2 protein chains.
Amino acid sequence: MVGMRDVARKAGVSLSTVSLVVNSNGYVSDEMRVRVESAMKELSYVPNELARNLYHGRTNTVGVIMPTVQHPFFATLLGSLQKALYKRGLNTMLCTTADMESGEEHYVGMLQRHMMDAIIMGAHTSHGQNYWTSIRRPIVAFDRYLGDGIPSVGSDHEQGGELAAMMFALSGARHVVLLGGPRSRFHDLAQTHGGPNASDDASHELTSFPSVRYQIALEDTLDSAGIRHDYIEIDDLAKMQEFENAARSVLERFPDVDAIVAPDLAAALCVQEAMRRGFVVPSSLQILAYDGTFVTDTAGLRVTSILQGFDAIAERIAMRTVEQIERYQSEASSNAHTSSSGSTIAGSDGDNETISDPEAGRIGDLIPMKVKIGATTLWNDAIHELLDGSRPQTD
Amino acid sequence: MVGMRDVARKAGVSLSTVSLVVNSNGYVSDEMRVRVESAMKELSYVPNELARNLYHGRTNTVGVIMPTVQHPFFATLLGSLQKALYKRGLNTMLCTTADMESGEEHYVGMLQRHMMDAIIMGAHTSHGQNYWTSIRRPIVAFDRYLGDGIPSVGSDHEQGGELAAMMFALSGARHVVLLGGPRSRFHDLAQTHGGPNASDDASHELTSFPSVRYQIALEDTLDSAGIRHDYIEIDDLAKMQEFENAARSVLERFPDVDAIVAPDLAAALCVQEAMRRGFVVPSSLQILAYDGTFVTDTAGLRVTSILQGFDAIAERIAMRTVEQIERYQSEASSNAHTSSSGSTIAGSDGDNETISDPEAGRIGDLIPMKVKIGATTLWNDAIHELLDGSRPQTD
DNA sequence: CTGTTAGCGCCTTCAC
DNA sequence: GTGAAGGCGCTAACAG
């Protein structure tokens with residue numbers, strides 16, 4: 001392996017000169033620069049970033065922990081995250097925990113051994129807050145609260161629920177039917193507002209719990225508007241057949257329904273079923289998908305859907321991640337060699353420590369949900385205004 | 001930051017003793033070991049892997065280059081790859097190239113700067129063979145030929161096509177209709193056998209080109225069996241509407257069709273359309289998805305599909321990756337400190353260099369396609385035997 | 001502006 | 001068995 005040493009010898013200069021040229025830091029005489037550069041080419045020198053990293057105590061790599069990537073939701077988030085991190089000069093280490101005995105500890109270990117500069121935690125954890133707060137390295141949580149001092153980012157599902165309700169209200173809907181998961185644990189969760197420690201399934205993790213928040217907001221808003229609403233329970237969100245049954249029973253049990261909200265796949269099936277039965281979508285029946293993925297385009301019509309602003313979420317997470325890294329960097333540089341400009345880093349001043357939000361255990365950064373405009377709901381000026389107001393985008 | 005130094009001092013021993021304990025290499029007196037271990041705990045020492053990596057010239061990280069992860073195909077492959085690499089002690093660096101000006105060079109740069117031990121190349125490249133062969137670092141290609149000495153792994157689409165044809169033949173089909181992409185460039189590709197340099201779209205990259213190989217094999221096999229077959233062209237594989245039109249026209253133009261092969265989504269739509277028109281699936285009409293993803297479960301019936309053996313592919317790629325890393329490792333250790341046991345590494349002997357396959361430019365490792373048994377095709381003993389014979393699994 | 005020097009934190013031949 | 005010394009490849013203070 002050819003190193004700076006060889007380049008220096010070949011160019012007849014000293015190490016630091018080469019270093020300066022490589023990093024284009026200080027000023028080097030043009031002649032020297034040329035000599036060095038040609039020497040580098042001749043030897044086809046390529047700097048070893050490992051050494052550089054060792055010195056700086058930094059790898060510019062962050063681990064993204066997720067249950068799986070084989071699920072549209074996580075795949076989409078992962079994609080957005082990778083892009084957002086890349087823009088900031090950070091590389092993405094894929095850390096999947098499903099099917100892995102102790103993936104979590106493994107990746108946290110890498111963080112501690114300085115193989116990664118930070119961790120973005122987007123998977124269910126079996127550990128308590130103590131575990132996370134005692135790590136004392138950069139961590140950012142997605143859609144979960146890990147402990148004091150650990151920033152968290154997630155979607156504003158209450159706003160999403162309100163948004164859905166408002167769209168229906170403004171379009172003149174009179175009878176809304178909600179499709180959703182088992183209603184059983186609904187009330188427990190709704191009342192305690194505590195985190196779900198039981199659910200381990202990847203698809204549940206993000207459909208069941210947030211759905212509670214959105215459903216409450218949705219129903220409350222509908223109530224205020226005096227709009228009738230009913231709920232149809234899908235026993236097992238993982239079973240395709242259940243979705244179809246649900247789609248069928250909506251139309252059978254409530255022939256006068258004129259608006260439906262459902263998870264993406266169920267919504268798509270509702271569209272098919274409705275068209276099969278001669279409903280006219282959207283004029284006689286509106287259908288709205290909540291948390292829609294691309295399957296909303298499978299139905300024949302583009303289904304209007306309320307979805308998470310993945311890019312916005314990713315941007316915010318990436319931002320927080322950089323903040324965290326810089327904060328810890330300067331902390332560590334107390335007894336080290338880093339040439340920081342003293343004081344704290346911009347954006348992470350003081351009170352960041354005390355997330356003294358009145359309600360602890362909540363997400364710190366709430367990102368608004370977006371609306372993807374489709375052909376299965378009605379549109380009028382009031383609705384367009386609503387959307388412009390709450391700043392969702394058409395994707 | 002607390003280092004081995006501090007541990008050594010605290011334990012009253014010397015550096016190397018600590019090192020030996022940490023790596024559990026040589027033999028250390030039990031007393032020493034205990035002293036060191038407790039010292040480590042008290043100081044909550046955690047080894048800095050950066051330093052270790054610098055010394056060993058290895059990061060145990062491999063970059064997986066893919067166009068995107070927001071596509072079921074790549075997400076699935078990525079997931080399998082990550083698992084396979086993890087099993088072998090390798091971490092996965094996610095390297096997405098879509099929407100990135102020069103992601104490819106970026107990641108290759110990281111490989112050269114020793115930030116990654118290897119690269120798995122699963123995206124379209126704009127560079128020629130010279131670019132890849134002159135990198136001289138571990139690379140493994142997925143479904144593409146990058147140059148001599150660079151191992152490649154991919155699915156055996158010819159076998160897949162034969163498999164489909166055989167299934168139909170054995171089930172007594174008399175008229176098969178194929179749905180697929182534009183037939184235009186079909187023949188060009190088929191004749192030249194050269195790589196497609198034009199397609200840049202992620203979904204095209206793996207649907208259009210391999211589909212040629214499978215379609216040829218399929219049609220040839222059907223011909224040999226004397227089974228009539230027709231082709232229906234889907235103009236734009238990215239447009240949902242096109243799929244539906246195609247599904248409709250199959251049944252209109254060929255009322256006597258008794259078997260259909262189509263890309264997953266199209267197949268799902270065919271099932272829906274067929275049921276709507278009163279066909280009995282599978283007894284009067286069989287439907288088979290080629291390269292099926294989970295959308296084949298969206299149709300109401302589980303669609304039988306022929307799909308890539310992602311886990312098998314991933315395992316093979318991971319294996320080749322490890323081989324490559326070890327090979328280059330020992331090459332580099334000629335003038336270094338590595339304590340290798342001399343000679344070459346098992347499994348990577350000699351002739352690996354010369355992929356002197358009679359036909360150059362081909363995939364080195366072909367992995368058989370699998371069959372996912374669904375409810376849209378007929379089954380009999382002969383078919384089961386066929387499947388057991390060619391070793392596809394039921395997933 | 002250039003060269004010399006002392007590490008980043010860990011690993012491993014060598015003498016003891 | 002244990003301790004001391006040199007080095008992985010690069011960096012950033014220093015002097016010159």
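Everything numeric in this text was worked out from a predicted model, so none of it was measured.
In this structure, a donor-acceptor pair under 3.5 Å is absent between the side chains of A:His114 and B:Glu49. Side chains of B:Asp117 and B:Thr59: a donor-acceptor N/O pair is present below 3.5 angstrom, by distance only. A:Asp148 and A:Tyr145 share a side-chain donor-acceptor pair at under 3.5 Å.
Put simply, B:Arg52 has a side-chain N or O that comes within less than 4.0 Å of OP1 or OP2 on C:dC11. Not one side-chain nitrogen or oxygen of B:Asn53 sits closer than 4.0 Å to the OP1 or OP2 atom of C:dC10.
Note: CG (B:Leu50) to P (D:dT11) measures 14 Å, nearest angstrom. When rounded to the nearest whole Å, the span between CZ of A:Arg5 and P of D:dC8 equals 6 Å. Atom pair A:Met40:CE and D:dG9:P shows a separation of 17 Å (rounding to whole Å applied). For A:Gln329 and C:dC8, the CD to C1' distance is 13 Å, given to the nearest whole Å. Per the geometry, CZ belonging to B:Arg9 stands 13 Å off P belonging to C:dG9, to the nearest Å. Going from atom CE of A:Met115 over to atom C1' of C:dG9 covers 15 Å, rounded to whole Å. B:His56 has its NE2 atom 13 Å from the P atom of D:dG9, to the nearest Å. Across the protein-nucleic acid pair, B:Leu54 atom CG and C:dT12 atom C1' stand 14 Å apart, rounded to whole Å.
With salt bridges taken as basic N to acidic carboxylate O contacts below 4.0 Å, none links B:Lys41 and B:Glu37.
Here CE of B:Met116 is found 14.0 Å from CZ of B:Arg58. Values are rounded to the nearest 0.5 Å. For the atom pair CD1 (A:Ile317) and CG (A:Asp365), the distance works out to 9.0 Å, reported to the nearest 0.5 Å.
Of the listed nucleotides (C:dG9, C:dC11, D:dC10), C:dG9 has the atom at the smallest distance from the side chain of B:Ala51.
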* Asked: What do the steps show when you test A:Glu315 against A:Arg88 for salt bridge (charged side-chain N to carboxylate O under 4.0 Å, His left out), and what is the final call?
  -> CA-CA 10 Å; A:Glu315 284 293 325; A:Arg88 292 168 175 75; 2.9 Å; yes
Report each atom pair, protein N/O against N/O of nucleotides 2-6 of chain D, whose distance is under 3.5 angstrom.
from, atom 1, to, atom 2, distance (Å)
D:dT2, OP1, B:Ser29, OG, 2.7
D:dT2, OP2, B:Ser29, N, 3.0
D:dG3, OP2, B:Ser14, N, 3.3
D:dG3, OP2, B:Thr17, OG1, 3.0
D:dG3, N7, B:Ser16, OG, 2.9

